[in-house]
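The figures that follow rest on heavy atoms only: side chains count, while hydrogens, waters and symmetry mates do not. Every chain is numbered from 1 and lettered A, B, ... according to where its sequence line falls, protein lines coming before strand lines. These figures come from a predicted structure and were not determined experimentally.
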Number of protein chains: 2
Amino acid sequence: MAENAADQGTSSAGRPTRPDLAAMLVPLGRALTAMEQPVLDAHGLAMWAYSVLLHLDETPIRTQAALAETIRADKTRIIPVLDDLAARGLIRRQPDPEDRRVRLLSLTPEGRRLRDAVQSDIQRGEERLLARLPAADRGGFLRGLQALHALPELSPRKAADGR
Amino acid sequence: MAENAADQGTSSAGRPTRPDLAAMLVPLGRALTAMEQPVLDAHGLAMWAYSVLLHLDETPIRTQAALAETIRADKTRIIPVLDDLAARGLIRRQPDPEDRRVRLLSLTPEGRRLRDAVQSDIQRGEERLLARLPAADRGGFLRGLQALHALPELSPRKAADGR
DNA sequence: AGTATTAATAGGCATGCGCTTACGATCTGC
DNA sequence: GCAGATCGTAAGCGCATGCCTATTAATACT
């Protein structure tokens, strides 16, 4: 006994060969977010506001609640964000003629300009980081990340309603 | 001049070919964390407690403050966590004979057992996710992730004190 | 017409967390 | 042996966030 064999469960248990994914992903996410912050500050954008600008225009978004859900924000908490963005002329919020309860959201040209400028800034910083990766792994890392990001099981809300 | 050309910045700006890294990493981290939660609950461990168990024993940790820093916890906030872990016999907290201010932290055998069991469970779930990746990208993804995770610039605290 | 639903909005409650202060015990330098 | 720094600990402030309720306007169901 006390042997350091490796079989002790269903699969290859024992001492793992890598840290938990979350243990790497979460700090990385934090670090990336911290890198973004100064850029956002420079443009007077909060993280939520940037998130709104990003997701507006990518997908046709109808209601504010739907937007909130896609960016995983609280329905009631983005309202001040939208107020601010609209007041600054970065988004438009017109009542839907077909259903006058909903406000149709869209990016204004200035909104798109700002979004593009900020995103370029941010991705420029990210590229500096990616450059640190061995070239052989860079592509796989990015593809893997995008693939996981696209998995529906990882979106808790969608995964729940299987009907 | 409303042409939809793509050059408009310093480098390859315009519409980016991928989402921001943080925009993928952060939700992924959240999803992974959510996947871990039931496992942790099943073992009666909170996230901070698990984090402590993980990092104890990997590196020789002397002071509680040092532990707190490595797991990015607040010095004062892990104390109840340590209290609980010690009360459950998962860690030991003996006064250092050389400096009786500091408590030497170590994993008990039960602590190590629990940590290994939980981590196997967690990584088993993660492997199910990784299996969804194209085999060609899986290795690069993991290596890239580990490489970025190991970068010192991404640890805000260490990066700051360059002196 | 009359009731139930849904969108947007406001407000409030509870939680978790980072940060700060305070304090006793202990160590170190002078 | 005293002053200042350090460790562990307690307590509290403030912010961001998730969640829940209520209100109002508009739509849908019957």
Side-chain angles (χ1 to χ4, degrees), chain A residues 22 26-27 29-31 33-34 36-37 40-41 45-52 56 60-87 91-106 155-157 160-161, chain B residues 22 26-27 29-31 33-34 36-37 40-41 45-52 56 60-87 91-106 155-157 160-161:
Chain A
V26 172
R30 270 194 236 283
T33 304
E36 289 191 6
Q37 199 58 61
L40 293 175
D41 289 349
L45 277 184
M47 192 61 85
W48 285 122
Y50 177 56
S51 196
V52 168
L56 258 196
I61 304 233
R62 336 101 234 165
T63 88
Q64 298 185 175
L67 170 67
E69 183 160 336
T70 50
I71 67 176
R72 282 189 172 51
D74 188 276
K75 193 177 61 168
T76 75
R77 292 219 112 97
I78 36 165
I79 290 178
V81 177
L82 297 177
D83 287 346
D84 178 60
L85 289 174
I91 67 173
R92 240 165 323 174
R93 188 159 46 158
Q94 339 164 307
D96 182 346
E98 314 227 323
D99 181 344
R100 296 180 20 243
R101 289 173 301 182
V102 334
R103 314 297 158 92
L104 294 177
L105 300 173
S106 54
S155 304
R157 330 223 183 201
D161 78 66
Chain B
V26 172
R30 270 193 236 283
T33 303
E36 290 191 7
Q37 199 58 62
L40 293 176
D41 289 349
L45 277 183
M47 191 61 87
W48 286 122
Y50 177 56
S51 197
V52 167
L56 257 196
I61 303 231
R62 337 102 230 159
T63 87
Q64 299 184 176
L67 170 66
E69 182 158 339
T70 50
I71 68 176
R72 281 188 173 53
D74 188 277
K75 191 178 61 168
T76 76
R77 289 215 114 95
I78 36 166
I79 290 179
V81 177
L82 297 178
D83 287 347
D84 179 60
L85 288 174
I91 66 173
R92 240 165 323 174
R93 189 158 47 159
Q94 340 163 312
D96 182 345
E98 313 227 323
D99 181 345
R100 296 182 20 245
R101 288 172 303 180
V102 335
R103 314 270 200 261
L104 293 178
L105 300 173
S106 54
S155 305
R157 330 221 183 201
D161 77 67

> Does A:Gln64 have any side-chain hydrogen bond (donor to acceptor under 3.5 Å, both in side chains) partners at least two apart in sequence or in another chain, and if so, which?
Replying inline: A:Arg93
> Which residue, A:Leu104 or A:Arg30, contacts DNA chain C at a nucleotide closer to its 5' end, judged by nearest heavy atom?
Replying inline: A:Leu104
>> Taking the side chain as everything from C-beta on, heavy atoms only, tell me whether A:Ile71 gets closer than 4.5 Å to A:Ile78.
In response: yes
> For B:Arg100, what residues pass the side-chain contact (heavy atoms from CB on, under 4.5 Å) criterion, not counting sequence neighbours?
Replying inline: none
> In whole angstroms, how far is the P atom of D:dA16 from the CD1 atom of A:Ile78?
Replying inline: 17 Å
>> Please encode protein proximity along nucleotides 24-30 of chain C as a string of B, S and -, counting only heavy-atom distances under 4.0 Å.
In response: -BBS---
> Expressed in angstrom and rounded to an integer, what is the separation of B:Leu67 atom CG from D:dT9 atom C1'?
Replying inline: 15 Å
>> Does a side-chain N or O of A:Trp48 approach OP1 or OP2 of D:dT17 to a distance below 4.0 Å, or not?
In response: yes
> Are B:Glu36 and B:Tyr50 side-chain neighbours, meaning at least one heavy-atom pair lies under 4.5 Å?
Replying inline: yes
>> Taking salt bridge (Lys or Arg N to Asp or Glu O under 4.0 Å) as the definition, give me every residue that meets it alongside A:Arg101, ordered by chain and number, with sequence neighbours left out.
In response: A:Asp99
> With sequence neighbours left out, what residues match A:Asp74 under salt bridge (Lys or Arg N to Asp or Glu O under 4.0 Å)?
Replying inline: none
> Can you name the salt bridge (Lys or Arg N to Asp or Glu O under 4.0 Å) partners of B:Asp96, sequence neighbours left out?
Replying inline: none
Using a cutoff of under 3.5 Å, can you pull out all pairs of nitrogen or oxygen atoms linking the protein to nucleotides 9-15 of chain C, with atom names and distances?
| from | atom 1 | to | atom 2 | distance (Å) |
| --- | --- | --- | --- | --- |
| C:dT9 | OP1 | A:Arg93 | NH1 | 3.3 |
| C:dT9 | OP2 | A:Gln64 | OE1 | 2.9 |
| C:dT9 | OP2 | A:Gln64 | NE2 | 2.5 |
| C:dT9 | OP2 | A:Arg93 | NH1 | 3.0 |
| C:dG11 | O6 | A:Thr76 | OG1 | 3.4 |

>> So, using side-chain contact (heavy atoms from CB on, under 4.5 Å) as the criterion, who are the partners of A:Gln37 when residues are at least two apart?
In response: A:Leu40, A:Asp41, A:Met47
> Can you check the A:Glu69 CD to D:dG18 P distance for me, whole Å?
Replying inline: 13 Å
